[in-house]
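Worksheet for the structure shown next.
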Amino acid sequence: MKYKELVSTFNPGDIAMLHSLLDSEQIRYYVNGEHFNQMQSLIQPARFMVSEDQFDEAKGHIKLMNINFLTINLDDEEDY
């Protein structure tokens with residue numbers, strides 16, 4: 001199974017919200033670096049990696065939430 005980066009963030013609140021959203025929608029994902037920033041904050045963001053076949057669905061859910069993430073990279077797209 002291939003995964004693609006959906007978002008990355010340093011913010012623990014964003015991380016919790018994204019876990020909740022992806023879990024509730026049963027989207028396959030893992031988070032790379034989530035616990036690293038607890039040891040050395042602002043060194044490496046938590047990167048949410050989503051299954052490629054569910055990437056568009058996950059991206060759509062984030063758009064529908066209309067959230068303004070201050071410390072998040074949404075796949076380098078300007079339409080967020």
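All figures in this text were calculated on a predicted structure; none of them were measured in a lab.
- Note that CG of Leu22 and CD1 of Ile62 are 6.5 Å apart. Values are rounded to the nearest 0.5 Å.
- Side-chain atoms of Tyr29 and Leu6, non-hydrogen and from C-beta on, never get closer than 4.5 Å to each other.
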Apply side chain to side chain contact (heavy atoms under 4.5 Å, CB included) to the pair Glu57 and Val50, showing each step before the final yes or no.
CA-CA 10 Å; Glu57 177 185 356; Val50 174; over 6 Å; no
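- What you find for Ile15 and Phe48 is that their closest heavy atoms are O-CZ, 3.6 Å.
- Atom-to-atom distance recorded for Arg47:CZ and Glu5:CD is 5.0 Å, nearest 0.5 angstrom.
- The hydrophobic clustering, which links ILVMFWY residues whose side-chain heavy atoms are closer than 4.5 Å, places Tyr3 and Leu18 apart.
- Closest approach of Gln54 to Arg28, counting heavy atoms only: OE1-N, 2.7 Å.
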